[in-house]
Amino acid sequence: MLLAAITTLFLAAEKQWMMLDWKPKRPDMLVDPFGLGRFVQDGLVFRNNFSIRSYEIGADRTASIETLMNHLQETALNHVKSVGLLEDGLGSTREMSLRNLIWVVTKMQVAVDRYPTWGDEVLVSSWATAIGKNGMRREWIVTDFRTGETLLRATSVWVMMNKLTRRISKIPEEVWHEIGPSFIDAPPLPTVEDDGRRLTRFDESSADFIRTGLTPRWSDLDINQHVNNVKYIGWLLESTPPEIHESHEIASLTLEYRRECGRDSVLNSATKVSDSSQLGKSAVECNHLVRLQNGGEIVKGRTVWRPKRPLYNDGAVVDVEAKTS
């Protein structure tokens, strides 16, 4: 029995060394042996696979927008970790940690072509490019792993913040030396083009729907002690009227993050529908605002909704409007 145990340990150790020494058959692909993902295009584009779980889908049997946004965030962090730049916090390098710097997102744009369903496997590709000397653009393409169909495209803008003073900071040269080699010069694929439209300014007095008294839970905080940026999407949608949720799905989403939200914050969510007469008929555009109850803006947003596509139930097409009426 002792000999069998020793043999088992030896074989397990040998397998780990083989994984570490393994080289990919294709020179353009670097594979992470521990399952975080893989690199393509000379190591500048990172890819992760995700299976859509039963607890990630909603009443219409498709993955929620929050689920897909979490996949984007996970892929970005795995990218940073796999190139050896994850020192402390979410995406902080060694030089960033020495200077108490963290990344914060200021703008996010997402376009959804189709939502995956339970059991689908999706492939998330991500890369980063520099924006001048003081920012970074992170982009993603999500495709159906089996068919290659594009499901989602997204782009975001990130800047650095001092986690002690909570103020935006310039990117030091020492940090550029760390992160520069992982940036790609030109995006390999088109993602979301900025249409140049400014988000509509409005306040609660002109909003069509308002939800008050929203508060973060402990589980909403990340390791940098601020609310995870995906959580804001849920708060935006809290004030979206049920009629839209029942008959429409988000086709595009634009977010502008204004300030942080802490665990003791109390928030209001407001939504203004561009043309309420179109509810249940055609595309609907909504403008959103989440702010502190004492007045400070947290995030502004715009969503464009399209009528839901038919559902498939045991091979039969189910009419969404009839199902929700």
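Worth saying up front: this structure is predicted, and the values here are computed from it rather than measured.
Between the side chains of E238 and S269, not a single donor N or O lies within less than 3.5 Å of an accepting N or O. In the model, E121 has no side-chain atom that pairs as donor or acceptor with a side-chain atom of S51 under 3.5 Å. With no hydrogens or angles considered, a side-chain donor-acceptor pair links S125 and R47 at under 3.5 Å. For the residue pair N78 and N48, a side-chain donor N or O sits within less than 3.5 Å of a side-chain acceptor on the partner. A donor-acceptor pair shorter than 3.5 Å cannot be found between the side chains of R138 and T155. T129 and W127 are not linked by any side-chain donor-acceptor pair at a separation below 3.5 angstrom, with hydrogens and angles left out of the test. Side-chain N/O atoms of N70 and E56 include no donor and acceptor closer than 3.5 Å.
Taking CE of M96 as the reference point, atom CE of M161 lies at 10.0 Å (rounded to 0.5 Å). Taking CD1 from I168 and OG1 from T106, the interatomic distance works out to 8.0 Å, rounded to the nearest 0.5 Å. Separating the OH atom in Y257 from the CG atom in N229 is a distance of 4.0 Å, to the nearest 0.5 Å. With rounding to the nearest 0.5 Å, the separation of CG in L44 from CG in D185 is 8.0 Å. To the nearest 0.5 Å, the span separating NZ on K308 from CD1 on I244 amounts to 11.5 Å. We find the CG-CG distance between L123 and L151 to be 10.0 Å, quoted to the nearest 0.5 Å.
For R114 and E149, the salt-bridge test passes: some basic side-chain N is under 4.0 Å from an acidic carboxylate O. Residues D120 and R146 are not paired through a salt bridge, judged by the lack of any N-O separation under 4.0 Å between the basic side chain and the carboxylate. Under the 4.0 Å criterion applied to side-chain N and carboxylate O atoms, R263 and D220 are not assigned as salt-bridge partners. The pair R99-E174 counts as a salt bridge, with a side-chain nitrogen and a carboxylate oxygen less than 4.0 angstrom apart.
In this structure, R302 and R197 have side chains that are in contact, with non-hydrogen atoms separated by less than 4.5 Å. Contact annotation: the side chain of Y115 approaches that of E249 to within less than 4.5 Å [non-hydrogen atoms, C-beta and beyond]. Contact annotation: the side chain of V157 approaches that of I131 to within less than 4.5 Å [non-hydrogen atoms, C-beta and beyond]. Under the 4.5 Å side-chain criterion, counting only non-hydrogen atoms from C-beta, K300 is in contact with R201. Side chains of V273 and F209 form a contact here, defined as non-hydrogen atoms less than 4.5 Å apart. Taking 4.5 Å as the limit, some side-chain heavy atom of L267 sits within range of a side-chain heavy atom of C261. Using a 4.5 Å heavy-atom threshold, the side chains of I184 and V45 count as touching. Between R291 and R258, every side-chain heavy-atom pair lies at or beyond the 4.5 Å cut-off.
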Do K107 and Q109 pass the side-chain contact (heavy atoms from CB on, under 4.5 Å) test, and can you show the C-alpha distance, the side-chain angles, and the key distance before you say yes or no? CA-CA 7 Å; K107 187 173 183 178; Q109 292 178 278; 4.0 Å; yes
Walk me through it: do T212 and Q293 pass the test side-chain contact (heavy atoms from CB on, under 4.5 Å)? CA-CA 8 Å; T212 61; Q293 279 198 339; 4.2 Å; yes
Where do L237 and I250 land on the side-chain contact (heavy atoms from CB on, under 4.5 Å) test, with the steps shown first? CA-CA 10 Å; L237 300 181; I250 294 177; 3.9 Å; yes
Could you walk me through whether L199 and T254 pass the side-chain contact (heavy atoms from CB on, under 4.5 Å) test, one step at a time? CA-CA 8 Å; L199 295 181; T254 301; 4.1 Å; yes
Under the criterion ring-ring contact (aromatic ring centres under 6.0 Å, His included), I'd like the reasoning laid out for H245 against W305: C-alpha separation, chi angles, the key distance, then a yes or no. CA-CA 9 Å; H245 285 286; W305 303 68; 5.3 Å; yes
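The two residues F202 and A207 come nearest to each other via the heavy atoms CE1-CB, 4.0 Å. Among all heavy-atom pairs drawn from A251 and R306, the shortest one is CB-NH1, 3.3 Å.
With hydrophobic clusters built from ILVMFWY side chains whose heavy atoms lie under 4.5 angstrom apart, I210 does not share a cluster with V284. Under the 4.5 Å side-chain heavy-atom criterion for grouping Ile, Leu, Val, Met, Phe, Trp and Tyr, V124 is connected to F39 within one hydrophobic cluster. V80 and V105 end up in the same hydrophobic cluster when Ile, Leu, Val, Met, Phe, Trp and Tyr side chains are linked at under 4.5 Å. By the rule that hydrophobic residues join a cluster once side-chain heavy atoms approach within less than 4.5 Å of another member, V112 and L255 end up as members of one cluster. Hydrophobic clustering of Ile, Leu, Val, Met, Phe, Trp and Tyr side chains at less than 4.5 Å, counting indirect connections, keeps F145 apart from V40.
Although no hydrogens or angles enter the test, the distance criterion places no donor-acceptor pair under 3.5 Å between the side chain of Y232 and the main chain of V299. Of the possible donor and acceptor atoms, one in the side chain of S126 sits under 3.5 Å from a partner among the backbone N and O of E139.
Note: F46 and H79 have parallel aromatic rings, judged against thresholds of 30 and 60 degrees for the angle between ring planes.
Partner of L236 under the side-chain contact (heavy atoms from CB on, under 4.5 Å) criterion, chosen from I65, L289, T271, V290: V290.
Around CH2 of W118, the count of heavy atoms belonging to other residues, nucleotides or ligands within 6.0 Å does not exceed 12.
Aromatic ring centres of W235 and H288 lie farther apart than the 6.0 Å criterion allows.
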